[in-house]
Amino acid sequence: MFTRTPYECHTRLAVDGQWHARPGDDRWARLIEGYRTMALIRQFDKKAVNLQRTGKLGTYASCLGAEALTTAAGQTLQPDDYFVPYYRDQATQYLRGVRLEQILQYWGGDERGNDFPADAPAVRDLPNCVPIGTQLTQAAGVATKAKQRHEHTAVLVTCGDGATSRGDFHETLNVAGVWQLPLIVLVNNNQWAISVPRRLQTASRTIAQKAEAAGIEGFQVDGNDLPAMLDALDYALDRARHGKGAILIEAMSYRLSDHTTADDASRYRKASDLHAAWQREPVARLRQALVEAGHWDGDQEKAWLEHCQRQVDEAIDSYLATPPAPATDMLDYLYANLPPALLAQRAQLEQRTTGGHHA
Amino acid sequence: MFTRTPYECHTRLAVDGQWHARPGDDRWARLIEGYRTMALIRQFDKKAVNLQRTGKLGTYASCLGAEALTTAAGQTLQPDDYFVPYYRDQATQYLRGVRLEQILQYWGGDERGNDFPADAPAVRDLPNCVPIGTQLTQAAGVATKAKQRHEHTAVLVTCGDGATSRGDFHETLNVAGVWQLPLIVLVNNNQWAISVPRRLQTASRTIAQKAEAAGIEGFQVDGNDLPAMLDALDYALDRARHGKGAILIEAMSYRLSDHTTADDASRYRKASDLHAAWQREPVARLRQALVEAGHWDGDQEKAWLEHCQRQVDEAIDSYLATPPAPATDMLDYLYANLPPALLAQRAQLEQRTTGGHHA
Amino acid sequence: MLSTHQQPDTAIPMNMVEAVNQALHDAMAADEDVVVLGEDIATNGGVFRATEGLKEAFGIRRVMDTPLAENLIAGLSVGMATQGLRPVAEIQFMGFIYATLEQLISHAARMRNRTRGRLSCPLVIRAPFGGGIHAPEHHSESTEALFAQIPGLRVVIPSSPARTYGLLRAAIDCPDPVLFLEPKRIYRLQRLPVARHGDPLPLDRCFTLRAGTDVSLISWGAMIHETLAAADELKNDGISAEVIDVATLNPLDRETLIATITKTGRAVIVHEAPGHGGFGGEIAATLASDALLHLRAPVERVTGYDCPMPYFALEQQCMPGTDRIVAAAKRTLEY
Amino acid sequence: MLSTHQQPDTAIPMNMVEAVNQALHDAMAADEDVVVLGEDIATNGGVFRATEGLKEAFGIRRVMDTPLAENLIAGLSVGMATQGLRPVAEIQFMGFIYATLEQLISHAARMRNRTRGRLSCPLVIRAPFGGGIHAPEHHSESTEALFAQIPGLRVVIPSSPARTYGLLRAAIDCPDPVLFLEPKRIYRLQRLPVARHGDPLPLDRCFTLRAGTDVSLISWGAMIHETLAAADELKNDGISAEVIDVATLNPLDRETLIATITKTGRAVIVHEAPGHGGFGGEIAATLASDALLHLRAPVERVTGYDCPMPYFALEQQCMPGTDRIVAAAKRTLEY
Ligand SMILES: Cc1ncc(C[n+]2csc(CCOP(=O)(O)OP(=O)(O)O)c2C)c(N)n1
Ligand SMILES: Cc1ncc(C[n+]2csc(CCOP(=O)(O)OP(=O)(O)O)c2C)c(N)n1
Ligand SMILES: [Mg+2]
Ligand SMILES: [Mg+2]
């Protein structure tokens, strides 16, 4: 169905939105849904950056350029699969049922952003992971549980190209191979780890080829190409759910933003590189392809963008209107039951932060 | 000159000591020297195990079965190269100028065993490494220094098959690749990590193929075969010394002993497997080959074994006769200069352990 | 002081490592979510035989030999624990536990907190620790203080077969992550009756092993035995020592510690780890702030010297012996 | 108290991160064995710009962007240090330092000891630490106590530009491994004169920042500033506070600490890290044993709560403020 090799990048859409191979009729609905999500997340992301600039959000990691691969992840995961994200997976989290205001809460310095809704597929997903690579071994643990229980589920874990340098990456692929875990490791190879370019991160020709060390399958796919990503993840997750073992997927993308709002990428990368990368960016490319095939038009675009605007604004309003959590939360959720040793601290904290006594 | 692939094991000697390809005339002296070392170390090892059994040594890790690959390492390293060992490299350490009695001291619980002679090539080598895999990143640091100084030297680091599962292994190969370090990673694949067989350690077909993840060269060689090991290490070290980058070598061997004297391998491995492995063992194989070629005979063997006996006994006598180190050594070598904060402790320790006062 | 509601009729004699093994067997039988993982723990039954027979009894899906990677073992455990399993991981020796710290600090101990209770992390990491068995380098550490300061991570150290069984069962049942450190020097010291199905022991209480009035000897782990021996010697000299087994370093049972000092006015804290930055400091600080007026003498700390545990030829010189404990106790009385 | 033999004529105003940068420049210029490595430190000059300009001045053989792996950074540094280089590694945030612990504990801090002086390990690990800059999760930790208890590892924490410069130069010159923790909240607090080529500062002495007679305020790092502010407030109330910057947690300058308590009889120890198991415990324990008779009130510890640093919306509630320090000082006086 599609080429899967570590050395060649599976692509469906040319950079100008021309189809290498047109999808069947039954595929358009999913692509349109995917496009809608990508457009929504792009708006969300832009507004989140602005919120940070106006002091209403903390440091924020933009997902600009990652819309296709993260949306594909959300579209291909089943509700009972497991998702173990890193911090650029806003689209996937959204599709897993994490509310946009929660994503803002998280970056706004509020742990409640990790308390995903009880009725969402995300309810068992792990929270964002900031220490690079540490989510990988955890995902192997989640997959061990899935296998142990004979579930027909898959675990998807993501990380960046930088993360592949950490030992965790190797330890995870290795155990996934030897235990035949239902684990898919999806690398968002956006070419940069903050200021360090991919070529200074590793001498391997591709990241996909690192699968060889663990004796598992690995292949490369165009991460700016939603249909190609859907191919890849459908294939991989399905295999995992059927007990056929772990796969490493390298999704080729480009970090179109600064690393985070605390970063200034112009210090270390050329404007011309960034400009070239914009030519390959996923949202416009997919829109082109849909328009070209007669499945999307200017009116639909306008209406959808207006909808996105409203939806994002509502999320922002809701985020900004949420009263702060009580300071005592920092102790109350640490242990299942507050140990007696912490009672006095809790009382002090409560008194200091509410300024009064409670019954 | 010799086949180097991750998937086929380079061999020179058949298991019965027949030559696949006979060496040139100028090669025999080195092989005979190698044989002598291998025979010596085998005797040494046996006596060390006995010393442990009679309570005169602590837990000891035997190198039975590792004689060829460790001797080859010692023979191919130049004095100004660097060696970063793990704990089964008695032969290499010996050839680097570590005295046999120091090896006993180390296993006898005395740090002075790591204080290698100032005039030995080993003087800058790292000491034995017990925490599995941690020597690897250090070796990359040593290689960085060698490269930084434009030295024409190589760094050889060893580890076991079990160690390849640790993230350190991956991080080391990766940085060696990207920085083109003069680093050779030699894996003593003796098929076991204590009780865990190689197949439960990793799903990769070979360990050599793990080089692919780092974009460096990797190949497999028969670790029971001294001439094959010499080929491999001559090639690899020479390349490294000439700035041509890092190599992973998987030496196929078998741990003929228990893991250490604290272990009982009969709990987890079949007698028949061990028996089969003895058929491939390196010392007899090389003796066969030398005898066969007319370069060794029964008289030489007898004389050499007697020599070994004397040399080992002398080392043991010297080890047993060494007075214990002063207890204050535990503080005196911790910092370059004893911090004032430790003066009182040192005085207490001195008084308690010598029972008296010093001026 | 703690009364353990154990039924003596079911008590059978066990040493400490047998008590670990029995607790694992019983916990796995009682709850199929309990799984065991580590290096050499399945086929080999663990290098100390703590997991012997588990693979045979519960199969390799619940008793897993892992690849050799401690960071992996920790991460696997975190992942499993967030999804409802109760992993009990063995780290072969405490000297090899440091690679687990990132997962423990940044994830295990925080999972419940950072998800505001959505996920939890009920894992147990077991590791043998301490010196005195003539082991090679890195096999004799006591670095419990590293862990005792991690908020959200419980740190538990037993000192007898019965407490080993009761505390390990409690640790496995506990919804919080627990580091369970086993003083290997006394693994096989003596066989004592252990009630298999008694109540689990509390994870935040000291055990008062001996009541006394003149001086409080406070310790944990293997050092409890030198401490009890010191109490015996002191008794011969007419000095009544109270012996407290701290047993849980986090959370710490400050009440019992303050109560004993309120009574005796004198404290000797004993541990194998170096004094500087050791956990004895936390206890001494607690006494100095919360029981200052009751202190009749400076708090004494009898500890290892401020150096890594020496290779075994010198290790006895580094570890506190009964004589040092007795001398310190007498200093508090002569003050 | 310490007199720093600096020549005011060469002093130029710098903030703390500029002082780090200047010290690195000067150390690299003075000794070609000094190399710098870490993530984003070369081309980008470090995420806090602490290494800015080094690559341009000294080239990529001495200023190395590493692959993203902290354990690797530590191991590389150990290897280099054993062979005569003087690596100064940056860990981007203290929250990502835990992967270095195995190398630091098992190797760096022991290399000299286990080789009986044959090899040594003169590395420096620098890391920004502490809260208060509204950073994401894991970017605001203060886990200095983890490190301060590792025998053989020096732990140094500056609190002003001049001490940053002088202590970092001394750390780089030091033949022992040093963890150098930089309180990032005050990286850019103020520009103060720094004498570039003054004598390096001692690595095992407290700094007495203000002399006083009624109570001793003992702290380190960013908290020094709240502590000085508290001393000001107390002064307004007629209370004379002595302010001690501990600066080096290992080895610890017990003499100065005991001397100040001998004088004032009262101590308030202030740190951002949780109290339980925090380094304040070691200091309080020292005072309780070596200065007991001088204590006129219980030793107070003003610290973060016993939880991980909350995400930034609540972090200010967790960090000790001036008000808590003042209140604690008054409690010691009203005792
Ligand atoms: C263990 C650890 N080290 C360092 C950091 C600081 N840091 C945050 S993101 C980042 C780069 C990550 O690059 P990559 O994995 O490629 O992901 P990307 O941000 O490009 O999506 C670094 C070094 C961290 N968060 N965790
Ligand atoms: C980090 C670490 N974990 C665990 C151990 C305990 N241990 C000692 S040797 C060993 C097996 C090593 O196997 P391998 O790397 O194959 O080397 P071999 O002993 O077979 O030569 C283990 C698990 C250790 N020393 N260090
Ligand atoms: Mg990246
Ligand atoms: Mg092995």
Side-chain angles (χ1 to χ4, degrees), chain A residues 5-7 131-138 140 143 159 161-181 183 185 187 193 196-220 244-248 250, chain B residues 5-7 131-138 140 143 159 161-181 183 185 187 193 196-220 244-248 250:
Chain A
T5 98
Y7 305 108
I132 300 296
T134 54
Q135 72 277 24
L136 292 160
T137 55
Q138 295 169 8
C159 68
D161 46 312
T164 67
S165 292
R166 291 238 331 172
D168 308 62
F169 179 76
H170 167 77
E171 293 179 356
T172 298
L173 296 188
N174 188 55
V175 76
V178 84
W179 288 2
Q180 295 188 278
L181 295 178
L183 181 67
V185 177
V187 178
V196 178
R198 151 73 179 77
R199 103 196 114 73
L200 294 184
Q201 203 62 248
T202 180
S204 70
R205 222 172 93 203
T206 72
I207 283 173
Q209 81 189 50
K210 293 176 188 288
E212 178 78 358
I216 64 171
E217 183 176 351
F219 57 84
Q220 211 182 45
K244 294 190 185 146
I247 296 182
L248 170 65
E250 174 183 13
Chain B
T5 97
Y7 305 107
I132 300 297
T134 55
Q135 71 278 23
L136 293 159
T137 54
Q138 295 169 9
C159 69
D161 46 313
T164 67
S165 292
R166 292 236 333 170
D168 308 62
F169 179 76
H170 167 77
E171 293 178 356
T172 299
L173 296 189
N174 188 56
V175 76
V178 82
W179 289 1
Q180 295 187 278
L181 296 179
L183 180 68
V185 178
V187 178
V196 178
R198 152 73 180 76
R199 103 196 114 74
L200 294 184
Q201 203 62 247
T202 180
S204 70
R205 222 172 92 202
T206 73
I207 283 174
Q209 80 188 51
K210 293 176 187 286
E212 178 78 357
I216 65 171
E217 182 176 352
F219 57 83
Q220 210 180 46
K244 295 191 183 143
I247 296 182
L248 170 65
E250 174 183 13

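We name chains A, B, ... by the order of the sequence lines, and we start the count at 1 in each one.
Put simply, the side chain of A:Glu212 never gets that close to the backbone of B:Gln209: no donor and acceptor are under 3.5 Å apart. In terms of modelled atom types and a separation under 3.5 Å, the side chain of B:His170 and the main chain of A:Thr164 share a donor-acceptor contact.
B:Ala214 and A:Ala203 get closest at one heavy-atom pair: O-CB, 3.6 Å.
For residues 173-180 of chain B, the interface with chain A (any heavy-atom pair closer than 4.5 Å) comprises B:Asn174, B:Gly177, B:Val178, sorted by residue number.
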